[in-house]
Participant: 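Would you mind keeping the following structure in view while I ask a few things?
Chain A is the first sequence line, chain B the second, and so forth, proteins listed ahead of strands; every chain is numbered from 1. Keep in mind it's a predicted model, so treat the numbers as computed, not measured.
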Amino acid sequence: MSTATAPASAPAARKPATMAQALRQALHDALADDASVHVLGEDVGTLGGVFRITDGLTKEFGPDRVTDTPLAEAGILGTAVGMAMYGLRPVVEMQFDAFAYPAIEQLISHVARMRNRTRGAMPLPITIRIPYGGGIGGVEHHSDSSEAYYLHTPGLHVVTPATVADAYGLLRASIASDDPVVFLEPKRLYWSKADWSADAPQGVPPLGRAVVRRAGRSATLITYGPSLPVCLEAAEAGRQEGWDLEVVDLRSLVPFDDETVCDSVRRTGRAVVVHESSGFGGAGAEIAARITERCFHHLAAPVLRVAGFDIPYPPPMLERYHLPGVDRVLDAVARLQWEAN
Amino acid sequence: MAHLSPPSPAAAGPAKRSARPAKTPPEATGPGHTPPPGWHPRIDPAPLLPEPEPYRLLGTPAARDVDPALLRRLYEELVRGRRYNRQATALTQQGRLAVYPSSTGQEACQVAAALALRPQDWLFPSYRDTLAVVARGVDPVQALTLLRGDWHTGYDPRARHVAPLCTPLATQLPHAVGLAHAARLAGDDTVALALVGDGGTSEGDFHEALNFAAVWHAPVVFLIQNNGFAISVPLEKQTAAPSLAHKAVGYGMPGRLVDGNDAPAVHQVLSEAIERARTGGGPTLVEAVTYRIDAHTNADDATRYRDAVQVDQWRAHDPIDLLERELRDRDLIDDAELKAVAESAEALAARLREEMNADPVLDPMELFDHVYAEQTAQLREQAAQLRAELDAEEDR
Ligand SMILES: Cc1ncc(C[n+]2csc(CCOP(=O)(O)OP(=O)(O)O)c2C)c(N)n1
Ligand SMILES: [Mg+2]
């Protein structure tokens, strides 16, 4: 969990920026600061990526640093392994969540275990950026929440930003990490805006630390990535019901910040885990189990999960029925056995 | 519908294709009937085609052009290699190795691959290529660490520029391409040589690696050891290509076909390919036609899928015999030298026996040390649990 330091410069005026712009800035600054950083993927060069996260980077750093690869995900990640073996720090872009699957064998059998199987001699500092999740009206194969596949694989970090500032900070930290990082970008937040300055981005957060986004006393909503705005909105709406909800943004699924999560749950005594990927065998199952194991005597109610249904991701015309929204979150909060108090 | 089913390879016999229609279109009769816009011939495929039959040196006049010192060196390594294979297989029977995929019969490929490389080059072995790894200078006992049942590769890949032995078939090939690409970008004089089996050529990673290599013009050489089988499955069930070397043409790189039991021939073809890569000529695909004399591993029963006649035919084309004949016929080696080679091989085997018969010291706590650069809180907890279990075991 190495921590990158943000470039020190005079604080500049903060103005609205999108998550996409912050991600682009992070790639730009990493390329500028460290000659071993290389960006590769499908359409990342001339086009600037289908989401424009690499816009203009080939022009500035040249096609050897920011490279349009042949269309083959296993090949992209597999060659990145070899580049990392030679001392480079590749940042790989997978075009969409579901199109990262061809690279799974390289990821599980090599990327995740090379450090271990070489007894530390050959770490692989590779960042794998994957736009993930639904809510953008994508047709099939363009809206998967694939985090559970990755977090089950020892040796990988699994990181996902939910805010504009974190998009910059966590991506810089991921690229600086000497371990491989699966960096999941919530694509429906790409165009979310916040006041943020590209010239003086906030400090780079360490990987593996969650953060309390909203303090509260009644119950804790634990979430990450695309579901953070839903939870914050639910927390606001919950005030009308008399609930004062705390919201924890995990930021890293691996390593998992038991400390921040348990601190919060021990204070509030109630917890709901919220994510849009399918519930069965998902991140929420692990999180609920961990909370129960560690905080059982502080709990006034079972830990509940609000997740996508256990169905293939639905078509754009029906996805709103699948995605957890404010109502589903508040319904879960309502089931936290308040009457027992 | 019968005409829609592909001919069964057995029924079809040696590929006999009906004549194809003429490939050059007749002159267009009207205006506007031109080739598709934007189409133009890209490269001439003819120079990329492999040899019509496997290239050989031994027993041909060209063998006289090979440096006798190289022939002797190859011979010594072949003999040592065969002895190493035999000893390692014996160690599996004694429970000292968990498994050993022997390369007996393929020693010429193994040794030539290692000797064709210079120190700055990299070798990317598959799981069967322990011998190549050892011939490149990795410690013969350390090279067996994973096969012994330990958890790590046993050697630092950077020390001798040897990537870890790779079991998921063909997945090491894109690594070789990426490393070669990185070396080229750095302006370094480094070539990567990646080994793969005939079965491995059916994997998607084989295709992707070759395609990336050619597009990137990466200084990488692929060596297919076509030993006839992927465990039990013969080449006919693996591919319908004219040869595995022909696959190169589709990627835009040269294919070479070589007798994989002719050590100097393999050495020469690989050296030429490495030189080509080094001087900016891009990648080459080499198919070495050889044979796996032993079963797939010590755990396999090869009599279930191949007959002894075939094995005998290949024994008559043995890489050590072929080279020894050349050396003897031309008086390039004498009895004393032959004896010294045999003794060197015995010494290697003795060392292997001795060191492998000592119980290795394994620390289970180390299983938690290299999963991440820094142990996570979760791994610290789990390590503490195992520590407590170990302590309780000791107290008992
Ligand atoms: C991806 C993958 N699939 C299956 C296997 C199991 N397996 C191990 S060796 C082997 C046959 C390999 O044949 P070939 O590539 O010709 O190499 P050889 O064993 O002849 O050296 C198989 C199927 C594997 N190791 N990796
Ligand atoms: Mg084979």
Side-chain angles (χ1 to χ4, degrees), chain A residues 1-2 35-36 38 40 64-65 67-88 90 102-103 105-106 108-110 112-125 154-157 177-180 207-208 252 254-259 290, chain B residues 122 124 145-146 151-159 163-168 170-186 188 190 192 194 203-205 207-216 218 220 366-379 381:
Chain A
M1 275 184 282
S2 58
S36 71
H38 283 240
L40 53 159
D64 286 347
R65 298 282 307 283
T67 307
D68 275 332
T69 64
L71 207 170
E73 294 76 12
I76 296 170
L77 189 52
T79 49
V81 168
M83 291 166 74
M85 289 173 86
Y86 205 71
L88 298 184
E105 184 187 23
Q106 285 291 340
I108 294 177
S109 297
H110 292 296
R113 55 201 303 161
M114 190 68 86
R115 170 190 287 281
N116 189 66
R117 68 195 294 266
T118 58
R119 215 178 191 169
M122 193 152 261
L124 294 180
L156 301 176
H157 291 253
S177 168
D178 288 335
D179 285 322
L207 296 182
S252 282
V254 184
F256 187 77
D257 186 354
D258 282 305
E259 201 181 315
R290 301 187 79 80
Chain B
W122 273 78
F124 284 79
T145 305
L146 282 168
W151 61 275
H152 60 86
T153 50
Y155 56 89
D156 177 352
R158 287 207 174 82
L165 292 165
C166 181
T167 302
T171 56
Q172 73 279 16
L173 305 181
H175 304 172
V177 176
L179 183 135
H181 176 62
R184 192 176 75 92
L185 292 183
D188 293 344
T190 296
E203 291 281 1
D205 277 17
H207 158 68
E208 296 190 20
L210 267 75
N211 190 46
F212 272 67
V215 172
W216 284 353
V220 59
E366 225 194 318
L367 292 172
F368 298 97
D369 287 352
H370 301 291
V371 184
Y372 295 99
E374 234 180 75
Q375 241 172 33
T376 61
Q378 289 74 25
L379 286 182
E381 272 178 31

Participant: Kindly say whether A:Arg117 contributes a backbone atom to a donor-acceptor pair with the side chain of B:Thr153 at under 3.5 angstrom?
Facilitator: yes
Participant: With a 4.5 angstrom heavy-atom cut-off, could you sort out which part of A:Ser109 is near chain B: side chain, backbone, both or neither?
Facilitator: side chain
Participant: Side chains of A:Met85 and B:Pro164, heavy atoms from C-beta outward: is any pair under 4.5 Å?
Facilitator: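 They are in contact (side-chain heavy atoms under 4.5 Å apart), so the answer is yes.
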Participant: Do the rings of B:Tyr372 and A:His157 sit parallel, tilted or perpendicular, given the 30° and 60° boundaries?
Facilitator: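 Perpendicular.
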Participant: Is B:Thr167 close to chain A through its backbone or its side chain, or both, or neither, when contacts mean heavy atoms under 4.5 Å?
Facilitator: neither
Participant: Counting only non-hydrogen atoms closer than 4.5 Å, does B:Glu203 touch chain A with its backbone (N, CA, C, O), its side chain (CB onward), both, or neither?
Facilitator: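 Neither part, no heavy atoms under 4.5 Å.
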Participant: Can you measure from CG (B:Asp205) to CD (A:Gln106) and round to the nearest 0.5 angstrom?
Facilitator: 5.0 Å
Participant: Can you say whether A:Ala84 sits under 4.5 Å from chain B via the side chain, the backbone, both, or neither, judging by heavy atoms?
Facilitator: backbone
Participant: Give, as side chain, backbone, both or neither, the part of A:Ala80 having an atom under 4.5 angstrom from any heavy atom of chain B.
Facilitator: neither
Participant: Could you look at A:Leu77 and say if it's the side chain, the backbone, both or neither that has a heavy atom under 4.5 Å from chain B?
Facilitator: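 Interface part for A:Leu77: neither.
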Participant: Any non-hydrogen side-chain atom of A:Arg290 less than 4.5 Å from a side-chain atom of B:Gln378?
Facilitator: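 They are in contact (side-chain heavy atoms under 4.5 Å apart), so the answer is yes.
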Participant: Measure B:Val371 against the heavy atoms of chain A and call it side chain, backbone, both or neither at under 4.5 Å.
Facilitator: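 Both parts, backbone and side chain.
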Participant: Picking from B:Ala183, B:Ala192, B:Ala209, which has the most non-hydrogen pairs under 4.5 angstrom with chain A?
Facilitator: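 Option with the top pair count is B:Ala183.
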Participant: Is the B:Trp216 ring parallel, tilted or perpendicular to the B:His181 ring (thresholds 30°, 60°)?
Facilitator: parallel
Participant: Under 4.5 Å from any heavy atom of chain A, what part of B:Leu165 do you find: side chain, backbone, both or neither?
Facilitator: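 When you check distances to chain A, only backbone atoms of B:Leu165 fall under 4.5 Å.
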Participant: Of all of B:Thr190, B:Leu146, B:Thr171, which one pairs up most often with chain A through heavy atoms under 4.5 Å apart?
Facilitator: B:Thr171
Participant: What residue in B:Ala163, B:Pro174, B:Gly154 has the most heavy-atom pairs under 4.5 Å with chain A?
Facilitator: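 So the answer, after comparing B:Ala163, B:Pro174, B:Gly154, is B:Pro174.
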Participant: Using a 3.5 Å distance criterion without hydrogens, assess whether the side chain of A:Arg115 forms a donor-acceptor pair with backbone atoms of A:Gly155.
Facilitator: no
Participant: State, yes or no, whether a side-chain contact exists between A:Thr69 and A:Thr79 at a heavy-atom distance under 4.5 Å.
Facilitator: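 Not in contact.
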Participant: Heavy-atom pairs under 4.5 Å with chain B: which of A:Ala35, A:Pro70, A:Ala72 has the most?
Facilitator: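 Most pairs with chain B among the choices: A:Pro70.
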Participant: Does any heavy atom of chain A fall under 4.5 Å from the side chain of B:Phe124, the backbone, both, or neither of them?
Facilitator: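 Only the side chain of B:Phe124 comes within 4.5 Å of chain A.
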Participant: Would you say the side chain of A:Val81 lies within less than 4.5 Å of the side chain of A:Leu124, judging by non-hydrogen atoms?
Facilitator: yes
